[in-house]
There are 2 protein chains.
Amino acid sequence: MFEILHKKVNETITITDEEFAYAKTLFVPKKLRKKRFLLEDGEVCMYTTFVEKGLLRSFTIDDKGNEHILQFGMQGWWVGDLYSFLTGEASEYNIEALEDSELLLITKPSWNLLLDEVPAFERYFRILIQNNLIATQRRLMCTISATAEERYSKLLKDFPDISQRVPQHMIASYIGVTRETLSRLRSQMISGN
Amino acid sequence: MFEILHKKVNETITITDEEFAYAKTLFVPKKLRKKRFLLEDGEVCMYTTFVEKGLLRSFTIDDKGNEHILQFGMQGWWVGDLYSFLTGEASEYNIEALEDSELLLITKPSWNLLLDEVPAFERYFRILIQNNLIATQRRLMCTISATAEERYSKLLKDFPDISQRVPQHMIASYIGVTRETLSRLRSQMISGN
DNA sequence: CGCCGAGTTGAACTGAATCAAGAAACGTGG
DNA sequence: CCACGTTTCTTGATTCAGTTCAACTCGGCG
């Protein structure tokens, strides 16, 4: 159950087996079936979550009922609403399993314990968040400056398997267009390339 | 010269005077005049930089010659291209002073030293980057889902003084519209509100 | 078998970009 | 202190990318 987390952590920092064994005691394993929710908007996000297996999405729903996807959480990634987790305020995000998933949850008290007791984990999370920030900044700049087609091409390049694993309308709400527009883009790209 | 940094660090973590005194030895103070560049695209970002005083912008220029602003760096903020700084690859960003500024630069070796020698700084940067990630995610979701007018209103709410300090066309390239569109938006908002 | 969600396609519409021109504000040098 | 060019901002006309609304197809599943 902890294989992927162990692998990911070891790729980033050096820790002893004892330290990782200690970390293991702080996580709660959880299986989540497809279409089930890890978090619904209005709730407080009580956990930050590592995806051992499966696929999730975190998204908001606007006043017109449209969904906007912040993130797909695949194997080896973390999901959760950081702001709600840290402040205890209600979340505006929903987190839903797109495939049957195996998760490792950690509560805020346990997380704080982990950071205090094992400084290497402080570094692990710093680097993790750092990489996430870089990726999010890239996506933001792309969203500001590129056309729908460019954003779609970039997504396919960054996550080649995503279009097989998730429905097209979710890809549309990730890149910030309607499903109709994405559909037209795809047919153009097939005929024109 | 280190007042603001000291204040900001103390707001986030607890460190001893010796630790901060040590940190001070690792920074290089630098004054940067208005319109001068701290980083130009194509260069490697050699420093991550704290703004003691003044105002900077980091931005890219696309193939059509349009500017896209990632960030305004004001007093108490950090600026730099994290990706280039960490990997040593050429940066795509430009960083320019919008006002005469006083900066504290730290090189990668010094930064690593700081993180290794003073674990509290590892935490400081983790929290700093965490907050930055939350803000960037918010801005991304806003860019995906909101209209130009909503994004402009949000900017004014988040940074009330920005529209006095920077030219309108830069605000336009921050929210991802042309200066003409922003100009029309502003005249609408004045007449209609 | 019938229904429902997912995807496609068409037509009309709209928010924002582009192109173009002029007005106002600014800094710099004489 | 004024004259100059430069940058910034505005306004209008036109174009275009992407939305909206609507109808239809396809595949899966109860």
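In the text below, chain A, chain B and the rest are named by the order of the sequence lines, each starting its count at 1.
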Q) Between B/S101 (side chain) and B/A97 (backbone), is there a donor-acceptor pair under 3.5 Å? A) no

Q.
Between P on C/dT8 and CE on A/M189, what's the gap in Å once rounded to a whole number?
A. 13 Å

**Q.** Pairs involving residues 27-49 of chain A, ordered by first then second residue, that meet side-chain hydrogen bond (donor to acceptor under 3.5 Å, both in side chains) (sequence neighbours left out)
**A.** A/D41-A/N94

Q: Answer yes or no: are there more than 12 heavy-atom neighbours, outside A/E92 itself, under 6.0 Å from its atom CD?
A: no

Pairs of donor and acceptor atoms involving the side chains of residues 77-87 of chain A, under 3.5 Å and at least two apart or interchain, shall be tabulated with distances.
from	atom 1	to	atom 2	distance (Å)
A/W78	NE1	A/Y124	OH	3.0
A/D81	OD1	A/Y83	N	3.1
A/D81	OD1	A/S84	N	3.4
A/D81	OD2	A/S91	OG	2.7
A/Y83	OH	A/E89	OE2	3.3
A/S84	OG	A/C45	N	2.8
A/S84	OG	A/E89	O	2.6
A/T87	OG1	A/Y83	O	2.8
A/T87	OG1	A/E89	N	3.1

(Q) Give me each pair satisfying ring pair (Phe, Tyr, Trp, His ring centres under 6.0 Å) with a member in residues 1-25 of chain B, each pair once, sequence neighbours excluded. (A) B/H6-B/F20

Q.
Run the side chain to side chain contact (heavy atoms under 4.5 Å, CB included) test against B/Y174 and tell me which residues pass, sequence neighbours left out.
A. B/I69, B/F72, B/R139, B/L155, B/F159

(Q) On a heavy-atom basis, which atom in A/G88 and which in A/V44 lie closest, and how many Å separate them? (A) O-CG2, 3.2 Å

Q | salt bridge (charged side-chain N to carboxylate O under 4.0 Å, His left out) contacts touching residues 59-80 of chain B (sequence neighbours left out) | A | B/R57-B/E67

**Q.** Divergence of helical axes at both termini of the helix from C/dC1-D/dG30 to C/dC26-D/dG5 - five pairs an end, 10° steps
**A.** 40°

Q. Got a sec? Which of residues 146-159 of chain B come in under 4.0 Å of DNA chain C, heavy atoms?
A. B/T147, B/A148

Q | By side chain to side chain donor-acceptor pair (under 3.5 Å) - contacts of A/Q168 (at least two apart) | A | A/R186

Please list, for nucleotides 25-30 of chain D, all pairs of protein and nucleotide N/O atoms separated by less than 3.5 Å.
none

(Q) Can you build the contact string for nucleotides 6-13 of chain D? Use B for base contact, S for sugar-phosphate-only contact, and - for no protein heavy atom under 4.0 Å. (A) --SSBBBB

Q: Could you list the residues that satisfy salt bridge (Lys or Arg N to Asp or Glu O under 4.0 Å) with A/D158, not counting sequence neighbours?
A: A/K154

(Q) Checking the side chain of A/E52 only, and the main-chain atoms of A/L103 only, is there a donor and an acceptor separated by less than 3.5 Å? (A) no

Q. With sequence neighbours excluded, what pairs up with A/E122 under the side chain to side chain donor-acceptor pair (under 3.5 Å) test?
A. B/R123, B/R126

